[in-house]
Each structure stands twice: as structure tokens, then as C-alpha cells.
Amino acid sequence: MIKVTIELWPHGYEANKLLLGTILIANTGTGTKSRGNYDVVLMNKKHTKPLRIGRVENFPRLSKNVYHLLKKALENTL
């Protein structure tokens, strides 16, 4: 699973950070070695419920990096 945490650091100070949200990207295990399928969940800042749920299918994981996966996950979920 890939977890992306989005934080606000007021005035650049980590000590004062505020959690804005979390993105979870989980491999479904239904793809192939070269193509992956992923479930995507955008969580609210309190992690009490999903804001949105999506999916990435047939992602070329050997030729694209994690940032391409994140971009596709956001595009498909938003």
C-alpha cells in the first residue's frame, strides 16, 4: 500500500503542522507483473470516512513511476 499524507506547515514549521488529508493507494493483486490495478481512497483529515473512492486499472508499473500512479489515482478519483 502507498500512503500519501498531505500536511500544512504554517510558516514552514513542522512543529505546527496540520493534517489536511491522506491518499491510500492499494494494489488489488489482480494485475500482472507489468500492469497493476489499484484501489484509491481519499480520506478526510480526521480519517473518519473516505471523501472519495476510485480505481486505477491496467497501470504500466514497469515504465511509469510512483508520481504517475499518484497523478492517475487523483485523476480517476476526482
Side-chain angles (χ1 to χ4, degrees):
M1 179 181 299
I2 298 168
K3 179 180 178 182
V4 179
T5 303
I6 303 167
E7 298 174 337
L8 174 66
W9 291 12
H11 306 288
Y13 295 108
E14 183 180 9
N16 298 329
K17 67 185 175 189
L18 302 169
L19 179 64
L20 298 180
T22 303
I23 304 165
L24 303 174
I25 302 172
N27 187 330
T28 66
T30 61
T32 65
K33 183 177 179 179
S34 62
R35 298 278 177 169
N37 298 318
Y38 302 88
D39 287 329
V40 182
V41 179
L42 305 184
M43 298 297 296
N44 67 2
K45 63 184 174 183
K46 296 184 182 191
H47 291 112
T48 55
K49 64 178 181 175
L51 292 175
R52 300 218 181 193
I53 297 172
R55 187 166 173 83
V56 175
E57 294 182 335
N58 204 28
F59 182 77
R61 58 177 153 213
L62 299 180
S63 61
K64 302 284 185 179
N65 64 36
V66 69
Y67 296 106
H68 290 100
L69 177 57
L70 177 59
K71 178 179 183 273
K72 185 57 89 173
L74 287 170
E75 287 173 348
N76 290 359
T77 306
L78 294 174

How close do Ile53 and Pro50 get, heavy atom to heavy atom, and via which atoms? CG1-CB, 4.0 Å
Before you tell me yes or no, could you show the steps for Thr77 and Leu51 under side chain to side chain contact (heavy atoms under 4.5 Å, CB included), namely the whole-Å CA-CA distance, both residues' side-chain angles and the distance that decides it to 0.1 Å? CA-CA 10 Å; Thr77 306; Leu51 292 175; over 6 Å; no
Are any of the side-chain heavy atoms of Lys64 and Leu69 separated by less than 4.5 Å? no
Is there a donor-acceptor pair under 3.5 Å between the side chain of Asp39 and the backbone N or O of Ala26? no
With a 3.5 Å cut-off and sequence neighbours excluded, list the donor-acceptor pairs that the side chains of residues 2-14 form with protein atoms.
unit_1, atom_1, unit_2, atom_2, d
Glu7, OE1, Trp9, NE1, 2.9

Close side-chain approach of Leu42 and Leu78, heavy atoms under 4.5 Å: yes
Once you round to the nearest 0.5 Å, how far does CG of Leu70 lie from CD of Glu75? 10.0 Å
Can you get from Ile23 to Met1 by hopping between Ile, Leu, Val, Met, Phe, Trp and Tyr side chains that sit under 4.5 Å apart? no
Just verifying a value: how many Å separate Leu62 CG and Arg35 CZ, rounded to the nearest 0.5 Å? 9.0 Å
Are Val41 and Val56 joined in one hydrophobic group, where the rule is that I, L, V, M, F, W and Y side chains link up if heavy atoms are under 4.5 Å apart? no
For the backbone of Asn37 and the side chain of Thr28, can you confirm whether one donor and one acceptor N or O come within less than 3.5 Å of each other? yes
In Å and rounded to the nearest 0.5 Å, what is the CG to CE distance from Leu19 to Met43? 10.5 Å
Decide yes or no for Ser34 and Arg61: does some side-chain heavy atom of the first lie under 4.5 Å from some side-chain heavy atom of the second? no
Hey, could you give me the CG/CZ distance between Asn76 and Phe59, rounded to the nearest 0.5 Å? 10.5 Å
